[in-house]
Structure formats: structure tokens, C-alpha cells
Asks: 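Got a structure here, written out as C-alpha cells. Questions coming.
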Amino acid sequence: MGSRILLLILVILAILTIIFFVGRNLYLRSMRVRRRLQMSAIFTNITHELLTPLTVISASVDKLREEEPKFGRDYDMMQINIQRMVRLLQQILETSKSEEGELKLLVAQGDVMRYVYETAECLEPLILKKHMKFTVNCNPESMMGWIDTDKLDKIIYNLLSNAAKYCHEGGEVSLNAMTNSTYDHIIIEVSDTGDGIPEDKQKVLFKRFLDGDYRQHHTIGTGLGLALTRDLVFLHHGTITCKSEVGKGTTFTITLPIYKEAFTPEQIYDKQNIDLSAPKNAIIDFNPAIPDVNEDIIEDTIEANEDDDRDVYRLLVVEDNVELLMLMKQALKSQYKVYLASNGVEALKIIHEKGLDLIVSDVMMPEMDGYELTKVLKSDENYNYLPIILLTAKTQEEDIEEGLRAGADEYLKKPFRIGDLKLRIDNIIENRRRIQREFSMQTMEETMQKPEKVSSPDEEFLNRALSFVYNHIEDENYDRDGLAAEMGTSTSTLYNKLRSITGLNVSSFIRDIRMKEASRLAEENPNIRVSDLAYRVGFKDPRYFSTCFKKHFGMQPKEYLDSLQQKTT
């Protein structure tokens with residue numbers, strides 16, 4: 001009996017001991033995982049912080065290039081090193097995403113071979129700088145297929161930069177791309193004539209933080225490039241192999257499927273094709289902890305008079321990094337009136353108070369980010385006319401798609417060149433000016449002509465405004481308050497929308513319709529008296545009518561009537 005009790009006690013003690021050690025091991029493992037995740041988050045945040053000044057430095061270099069162009073070679077060297085740092089930080093952040101299983105694939109259709117060629121050609125300066133021979137061959141030269149350009153860009157960059165890193169001066173680096181016999185896979189071979197890789201190191205070649213031989217080649221390395229490349233290849237449902245011989249060189253072979261059926265529906269983005277003109281220098285998102293813009297900075301803007309006929313357009317720049325915000329202001333203020341905000345909440349206050357023409361906004365911001373700001377504005381009929389350019393370091397296709405779904409008109413990746421931002425702003429504004437010129441050149445019949453089908457909310461809004469003004473064409477007291485009341489909107493909203501569509505403020509818009517109607521009446525009856533013509537279009541003072549008419553048509557109404565009479569005789 002006593003032995004049974006003793007045995008039971010021993011079994012219980014053994015079970016408790018096992019439970020203790022298992023529980024302890026699980027606890028320690030969970031603590032290690034938690035610490036690793038915490039350190040990963042800290043590491044990622046630090047990397048984000050390092051990316052912030054790179055954008056500021058890059059934009060500053062562009063500004064210096066404009067002011068002192070004679071130092072062009074020095075600016076080029078600065079930009080090359082900025083891109084080198086961006087690539088290094090990009091590797092770190094992509095590796096972090098890969099470890100956490102957050103990397104996602106999104107393929108689009110396009111000319112795969114041309115994309116490979118264009119991407120490889122972007123690295124030519126890096127290789128030629130070391131006086132190496134560089135060749136790129138694609139066979140065939142053109143081949144349509146489905147690829148994730150973001151992932152393929154990183155794969156090609158890592159392999160070619162590694163080849164250049166470990167190849168001697170005067171050596172050869174080559175990229176050969178081909179298809180398989182069934183044309184549903186692409187095969188990419190990246191070769192160099194370097195020292196080669198010993199067999200023992202080939203076994204652990206794709207291990208993270210591998211201590212390579214970069215010191216012997218007087219270069220730098222993190223041990224992340226090949227590991228990340230392998231992850232990206234596997235994510236793309238492909239394979240990667242390495243063949244190397246010491247003293248002769250190394251060849252990496254990548255095989256990737258390019259047919260649509262190889263990917264799940266969630267991995268396919270078939271709304272647009274591959275953009276070969278897009279820059280091949282993607283960068284991962286960052287969210288720097290920068291103090292809010294102080295009130296002095298925000299208020300350092302030029303007030304606009306609502307009734308001015310202005311050619312200067314008004315921009316709102318929203319960015320939580322003070323240095324970048326002020327840099328953009330300095331670059332844009334010579335052409336535009338620039339308002340500033342450090343997040344979406346501050347931006348909305350300014351939007352409600354000022355009449356704006358365009359918004360440039362960062363995506364990652366405290367309180368309200370760029371996506372939220374865009375959605376709020378595009379869902380509000382009082383402000384959905386405002387064009388929005390989003391600035392972000394997010395380069396995944398799904399991130400860009402999210403911005404476009406929110407209603408953004410343009411999407412610019414960080415680090416960006418100030419010239420690229422100016423170009424996008426100018427394009428949007430020039431398109432608006434074109435529409436405005438077309439409106440100003442329309443006759444009264446063309447202006448009042450109703451389309452069979454309204455194609456946009458802007459056209460519907462404009463047609464309603466035209467109808468209300470025309471219905472009160474003889475009412476000398478009909479002004480912007482009366483039009484706003486009939487439109488069911490505030491005078492400021494009416495002003496903003498009319499200016500965005502026609503380029504005119506409310507008073508000028510009403511006057512424009514009166515002048516066009518005066519021209520139409522004059523053509524119908526060239527013998528009409530100037531005073532009668534003035535009264536028919538809502539002017540109680542014929543002299544003021546004559547002044548407005550000459551400003552609009554370049555001649556006095558009497559001269560205009562005389563010219564019409566001569567045509568009829």
C-alpha cells in the first residue's frame with residue numbers, strides 16, 4: 001500500500017516536473033518571440049527614421065541643381081549615394097516583412113521581356129563605374145506575361161548588384177532572359193566572371209546575415225540580399241539556383257511563371273498593365289515621428305481674395321515631416337500660393353476655410369492619414385472636385401491601388417524629385433486650364449446646349465448653374481448670393497466649384513453668361529440699341545455694360561453692332 005502511494009507521488013511529481021519545464025520552455029519561447037517582435041518593430045521604426053532625411057536630402061539636391069547647375073557631377077554623385085542608402089534600407093524592411101509573412105504578390109500583365117531589359121539597363125552605371133563589361137540579352141525581345149514588377153525589380157537589382165560587387169575590375173557581368181519551350185515561364189540568368197563561391201558556402205548561400213566575403217572585395221554587405229531574393233522568387237512561385245566555380249565565376253538562374261493561371265485571384269491585378277515608364281527605385285513606407293508643424297509655419301501663407309480673377313493657383317501641402325514640408329513650400333511658392341498642414345485634421349480645417357485648387361498629401365500621418373483625407377474629400381460633394389496627389393513611400397501595388405480607390409488623382413513615390421512633383425501639378429493644372437479655355441470660347445448656344453447624357457457631376461453642376469443664371473438674365477439684382485441659394489450651397493462652395501470647372505469666380509461667371517447672351521442677342525438683331533441690349537442682359541448702367549463688353553470681347557458694343565450690320569448688308 002505504501003509503495004503504491006509512493007509510486008503515485010512520484011508519478012505526480014514527474015508530471016508536475018514535466019508540466020513545469022514544458023510551461024517554462026513555452027513561456028521562455030513566447031518571451032523570445034515577443035522580444036524578437038518588439039526588437040523587429042523598433043528596428044523597423046529606426047529604419048523608417050533613417051529614410052526620412054533621405055527624402056529631404058534628395059529634394060535639397062534637386063533644388064541646388066536648379067540654383068547652381070555647374071556642380072552637376074557632384075549632384076549626380078549625391079543622388080547615386082542616396083539611392084544606394086535607400087536600397088540598403090529597403091532590403092532591411094523587406095526582410096522584416098518577409099519574416100513576418102507580410103509580403104504579398106500582385107501581378108499585372110505587360111511586356112515582361114521589355115520590363116526585364118529596362119530594369120537591368122538602370123543598373124548599367126553601377127557596373128560600368130567599376131570598368132566592367134555589361135551585357136543584357138532578352139530572347140525574344142518582347143513577350144507578354146504576368147509579373148509583380150515590384151518583386152522582379154528587387155530580384156534583378158540584388159543579383160546584378162551582387163555580381164558587380166564580387167566581380168573584379170575589368171570583368172564581365174551579364175543578364176540573359178529567355179522563355180521556356182511552352183512560353184509560360186521566363187528564365188533569367190545573371191552571370192559574372194568573379195572569384196566564384198566555394199562549395200561549403202553555397203550550401204548556406206541563402207541564409208540571412210551570412211557573413212560573406214565582401215570585406216575582401218572592399219565593399220559592404222548585410223547578408224540580406226540573397227535571402228530576400230530567394231523569398232521573393234518563392235513568393236512569385238518560382239525557383240532559384242546557383243552554379244559557381246572558384247576562380248571562374250557564378251551564375252544565378254531564376255525561373256518564374258508568367259501565365260495568369262499560376263496565380264490566385266487575390267494575386268492578380270488586371271485593371272492596368274505594367275508601366276514601363278515608372279522609376280525602378282521603389283522604397284518601403286516610413287512613418288517618422290516628427291513634431292507637428294507650428295502655427296507660425298501653417299499661417300505663413302498668402303491670403304486670397306475670393307473675388308480676384310487670379311492666374312495663381314492655390315495648393316495645400318500636407319506632410320508631417322517639417323523639413324520636407326518646408327522644402328516643398330520653398331520649391332512651389334514661386335509658382336503657386338502654398339498653404340501648409342501637418343496631418344489630415346489640420347488639412348480639413350484649411351480646406352474648409354480657403355478656396356483651394358489642388359492638394360498634395362503624404363499618406364502616413366498622425367491623427368488622419370492621406371487615405372482617410374482623400375476618402376473624406378471625395379465623398380463630400382462640396383470638395384470632391386479637388387485634385388489630390390498622394391506622396392508615399394509605399395510601393396506595393398495594393399498600396400497604390402488603395403490610394404487610387406480612395407480617389408487620388410496622382411500617386412508619387414518617395415523619395416521623389418521636386419521636378420516630378422512640379423510636373424504632376426503642372427499637368428493637372430494645365431488640363432484644368434484647357435477645360436477653362438474651351439468654356440470661355442463657347443458661344444451662348446454651345447454653353448446652354450444640354451448633352452443627351454450627363455457624363456460627370458461637374459457637368460451636371462455647371463448645367464444647373466447655367467440654367468439658373470439664364471433664367472435670371474434680365475434681373476440686375478441677381479448675384480452670387482442668389483445663385484448660391486438656388487444651387488442649395490454656400491457661396492464659398494459655389495465659388496470653389498465654379499472656379500475649378502470654369503476658372504471664374506461667381507461674379508465673373510454670371511457676367512460671362514450675360515456677355516455671351518448679349519453677343520447672341522446682338523447677332524439676332526444688329527440694329528438693337530446699346531442701352532436696350534444692356535437692359536436685356538441685366539445691366540442697369542449702359543456705360544458699365546460697355547466697359548464689361550469691351551473687356552470681354554475687345555471692342556465696344558457699338559463697334560460690335562456696326563460690324564454685324566456690315567455683314568448683313
Side-chain angles (χ1 to χ4, degrees), residues 37-59 86 89-90 92-93 96-97 100 102 283-301 315-330 332 338-354 356 358-380 383 386 388-396 398-416 421:
L37 292 176
Q38 289 174 342
M39 290 304 297
S40 177
I42 294 172
F43 191 58
T44 300
N45 289 336
I46 292 174
T47 308
H48 286 164
E49 294 287 348
L50 293 175
L51 284 170
T52 301
L54 287 180
T55 299
V56 177
I57 294 171
S58 178
V86 167
L89 295 172
Q90 173 187 330
I92 297 171
L93 289 173
S96 177
K97 277 192 171 185
E100 296 173 10
E102 294 182 0
I283 170 177
I284 309 305
D285 61 297
F286 63 95
N287 183 15
I290 298 294
D292 289 342
V293 180
N294 59 55
E295 292 299 320
D296 294 334
I297 293 177
I298 292 177
E299 293 179 356
D300 186 16
T301 57
L315 313 182
L316 171 63
V317 180
V318 193
E319 167 65 57
D320 65 336
N321 178 267
V322 177
E323 292 89 349
L324 182 55
L325 184 65
M326 297 310 298
L327 188 68
M328 285 192 285
K329 179 193 172 185
Q330 290 298 318
L332 298 173
V338 182
Y339 298 90
L340 306 177
S342 63
N343 58 60
V345 174
E346 290 179 2
L348 284 177
K349 293 179 182 177
I350 295 175
I351 291 167
H352 292 154
E353 295 172 359
K354 311 292 183 183
L356 301 172
L358 188 143
I359 296 172
V360 179
S361 175
D362 187 23
V363 169
M364 301 298 292
M365 298 181 295
E367 296 191 58
M368 178 185 286
D369 63 23
Y371 291 148
E372 282 186 84
L373 176 63
T374 302
K375 290 176 182 177
V376 168
L377 294 177
K378 293 301 182 179
S379 61
D380 188 335
Y383 301 103
L386 282 173
I388 299 175
I389 300 176
L390 288 181
L391 307 175
T392 183
K394 288 189 172 184
T395 57
Q396 302 292 330
E398 59 265 30
D399 297 321
I400 297 176
E401 186 179 359
E402 182 179 356
L404 296 176
R405 272 202 311 267
D409 298 85
E410 283 281 359
Y411 203 96
L412 189 59
K413 300 173 184 177
K414 291 181 178 180
F416 58 89
L421 177 59

Asks: Between Asn343 and Pro366, which heavy-atom pair has the shortest distance, and what is it?
Replies: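 Shortest heavy-atom separation between Asn343 and Pro366 comes out as CB-O, 3.2 Å.
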Asks: Within this structure, what is the CG-CD1 distance for the pair Leu316 and Ile351, rounded to the nearest 0.5 Å?
Replies: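 The CG atom of Leu316 sits 5.5 Å away from the CD1 atom of Ile351.
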Asks: When rounded to the nearest 0.5 angstrom, what distance separates CG in Leu325 from CG in Asp362?
Replies: 10.0 Å
Asks: If you look at every heavy atom in Gly370 and Ser361, which pair is closest and at what distance?
Replies: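 Smallest interatomic distance, heavy atoms only, reads CA-OG, 3.9 Å.
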Asks: Taking all non-hydrogen atoms of both residues into account, name the closest pair between Gly344 and Val318 and its distance.
Replies: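 Minimum heavy-atom separation between Gly344 and Val318: N-CG1, 4.2 Å.
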Asks: Do Leu348 and Leu377 pass the side-chain contact (heavy atoms from CB on, under 4.5 Å) test, and can you show the C-alpha distance, the side-chain angles, and the key distance before you say yes or no?
Replies: CA-CA 9 Å; Leu348 284 177; Leu377 294 177; 3.8 Å; yes
Asks: Search all heavy atoms of Leu332 against all heavy atoms of Leu421 and return the closest pair with its distance.
Replies: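 Closest approach of Leu332 to Leu421: CD1-CD2, 4.4 Å.
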Asks: Quick one, Tyr371 and Leu390 - any side-chain contact, counting heavy atoms below 4.5 Å?
Replies: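 Side chain of Tyr371 against side chain of Leu390, heavy atoms only: contact under 4.5 Å found.
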Asks: Evaluate the side-chain proximity of Ile388 to Ile359: yes if any heavy-atom separation is below 4.5 Å, no if none is.
Replies: yes
Asks: In Å, rounded to the nearest 0.5 Å, how long is the span from CG of Leu391 to CE of Met365?
Replies: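 Answer rounded to 0.5 Å: 9.5 Å.
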Asks: Please find the pair of heavy atoms, one from Ala408 and one from Thr374, that lie closest to each other, and give the distance.
Replies: N-CG2, 3.6 Å
Asks: Under 3.5 Å, is there a donor-acceptor pair between the side chain of Glu372 and the main chain of Met368?
Replies: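 No; judged by distance alone, with no hydrogens or angles, the pair does not exist.
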Asks: Checking side-chain contact (heavy atoms from CB on, under 4.5 Å) for the pair Leu340/Lys329: CA distance, chi angles, key distance, verdict?
Replies: CA-CA 8 Å; Leu340 306 177; Lys329 179 193 172 185; 3.7 Å; yes
Asks: So, for Met328 and Glu319, which heavy atoms are closest and what is the spacing to 0.1 Å?
Replies: CE-CB, 4.0 Å
Asks: With no hydrogens and no angle check, is any side-chain donor or acceptor of Lys378 less than 3.5 Å from a backbone partner on Leu386?
Replies: yes
